[in-house]
Amino acid sequence: MKKILVALLAFTSVAFTFTSCSEDEWNAFGNGKVEMPNSSRAFILNEGSMGGNNSNIIYFDWATGKINDNDLFVQQNGVKLGDTGNDIEVYGNDLLVAVNVSNYVALLDGYGVEKSRISFEQYKNLGQVRNLTTIGNRVYAVSYGGYVSTLRVDGDKLVYEDSLKVGERPEDIIAVKGKLYVLLQGAYNNDNRMAVIEAGSKAIKYVTISTNPTKFIAFDNKIIICHYDASYNSKWGYYDLAKEEYVDVDGDAVALANANGKLLIGTSLTSNYVVYASDLTIYNFATNKSETFFKNIPEALKNSCIYSISVNPYDNRIYVATSNFNDNGIIYVFDGEGNYERSFSAYGINPHAIVFMN
């Protein structure tokens, strides 16, 4: 009887905990001023124009499609984000943002209210911050001085821990299976290496990839890498993690995304900075060929420069962002089967990425 009573009390305690959590986990305002009536939140990071101090974050409800066309960061914090918003990541129920020229990393809550920031200006030798990734409660940021810096999320605070010299002009960083992979551009865009670091270690391994790499994503035990060739055309290849070798692919790519196990590739061919052909495909590694996936691609998208591709992990919708580098970008939305649905303004210049919460 005593065991039954203890079990009932334990169950009651757990049930109460679950009930309390479900009732209290969502507050339409959080600590901010902007109402977000649903948990289905999406945030567009617009880079703005270099030197324009016009980076911003735009919030929309991905379930209803309703957009707040105002600068969320200004609304919530009373100041501008800075110049130039270069990366945004979801960290639990929070957001992490890297701002390049203003040179800081900020921790925001899930409503866009800033909780903490680390200014890289106090560490002059590090150079300007570029991109971020996370493992556990550690944030790893690359900066143009040649470093990977480790920050710790300690409650509502970002704490600087240390930095590791990895090579000239590290451009991007991702975490795969406990390891950090860093793209190195080199001082004159002439490096052809990727640095590999065990998280928490100072040991660096270098592997040969393409010259002048620009961005990458993890995909199916591979790292897919965009790079510029000698004629400054944007190409791609991949590093096979199992074979530990790099393979160059005969194809163009300006944007990449992993959409539920499909490698999405965006291409934009230009002449004298004028776009004359953009396309969206998927790549089949079994046949080593690009395949059609997207349907009813709007003509306006085909004649625009694809800037980024983001995928909503909660409903598999694909968001293709375009830019003309001067006006507000346009976002084109496709469902998880590649069917075109709609488009809307990014309400900012150069939409870098969209991240999603639920």
Side-chain angles (χ1 to χ4, degrees), residues 86-87 89 98 130-133 135 140-144 146 148 166-199 204-259 261-270 278-286 288-291 305-311 320-321 352-353:
N86 208 72
D87 201 7
E89 303 281 343
R130 295 295 290 170
N131 290 290
L132 311 168
T133 194
I135 299 177
Y140 300 94
V142 291
S143 51
Y144 262 179
V148 173
V166 291
E168 293 182 321
R169 284 189 61 168
E171 174 64 21
D172 204 353
I173 183 170
I174 55 175
V176 182
K177 297 178 181 178
K179 293 182 179 180
L180 300 170
Y181 294 83
V182 182
L183 290 184
L184 300 174
Q185 286 190 335
Y188 301 98
N189 298 326
N190 59 351
D191 209 337
N192 65 339
R193 298 175 303 158
M194 180 169 63
V196 185
I197 311 163
E198 289 280 355
I204 308 172
K205 174 184 175 182
Y206 293 95
V207 298
T208 301
I209 54 169
S210 52
T211 302
N212 197 5
T214 58
K215 64 186 74 171
F216 57 3
I217 64 168
F219 178 84
D220 190 25
N221 210 34
K222 300 176 181 67
I223 296 177
I224 315 298
I225 304 169
C226 282
H227 67 96
Y228 288 119
D229 65 12
S231 300
Y232 215 67
N233 299 306
S234 186
K235 302 291 185 177
W236 73 281
Y238 63 91
Y239 182 76
D240 190 310
L241 293 171
K243 296 179 180 178
E244 296 188 339
E245 65 180 23
Y246 177 76
V247 179
D248 223 358
V249 175
D250 183 19
D252 299 291
V254 294
L256 305 166
N258 184 345
K262 300 179 181 68
L263 177 61
L264 306 185
I265 297 178
T267 61
S268 290
L269 304 179
T270 61
S278 288
D279 199 8
L280 294 163
T281 59
I282 62 172
Y283 190 80
N284 186 333
F285 282 96
N288 292 322
K289 291 182 180 179
S290 295
E291 297 178 354
C305 181
I306 296 173
Y307 206 75
S308 64
I309 305 174
S310 304
V311 179
V320 181
H352 177 89

If we only count heavy atoms from C-beta on, is the [X] to [Y] side-chain gap below 4.5 Å?
X	Y	result
D252	K235	yes
Y283	V249	yes
F285	L263	yes

Exercise for review: State the CG-CD distance between N131 and E89, to the nearest 0.5 angstrom.
Suggested key: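 So the gap between those two atoms works out to 8.0 Å.
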Revision key, fill the gap. Interatomic distance, OH@Y238 vs CD1@I209, rounded to 0.5 Å, equals 14.5 Å
Practice item. Examine distances only and state if a side-chain atom of T211 and a backbone atom of N192 form a donor-acceptor pair shorter than 3.5 Å. Key: no
Check your understanding: Is there a donor-acceptor pair closer than 3.5 Å between any side-chain N or O of Y206 and the backbone N or O of V166?
Key -> yes
Review point. For Y144, what residues pass the ring pair (Phe, Tyr, Trp, His ring centres under 6.0 Å) criterion, not counting sequence neighbours?
Key: none
Practice item. Please identify each residue that fulfils side-chain contact (heavy atoms from CB on, under 4.5 Å) with S308, with sequence neighbours left out. Key: A321
Point to revise | All side-chain contact (heavy atoms from CB on, under 4.5 Å) counterparts of S268, not counting sequence neighbours | key: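 With sequence neighbours excluded, S268 shows a side-chain contact (heavy atoms from CB on, under 4.5 Å) to V254, S278, C305, I306, given in chain and number order.
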Check your understanding: Under the criterion side-chain contact (heavy atoms from CB on, under 4.5 Å), which of D87, V148, T133 is the partner of V142?
Key ->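 The residue from D87, V148, T133 that satisfies side-chain contact (heavy atoms from CB on, under 4.5 Å) with V142 turns out to be V148.
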Point to revise | Listed partners of N189 passing side chain to side chain donor-acceptor pair (under 3.5 Å), at least two apart | key: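 Result, side chain to side chain donor-acceptor pair (under 3.5 Å) vs N189: none returned.
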For residues 181-188, tabulate all N or O donor-acceptor pairs below 3.5 Å that involve a side-chain atom, not counting sequence neighbours.
unit_1	atom_1	unit_2	atom_2	d
Q185	OE1	R169	NH2	3.0
Q185	NE2	P213	O	3.1

Distance-only criterion, 3.5 Å: show the donor-acceptor pairs between side-chain atoms of residues 220-232 and protein atoms not counting sequence neighbours.
unit_1	atom_1	unit_2	atom_2	d
N221	OD1	K177	NZ	3.2
H227	NE2	D248	OD1	3.3
D229	OD1	S231	N	2.9
D229	OD1	Y232	N	3.0
D229	OD1	N233	N	2.8
D229	OD2	N233	ND2	3.4

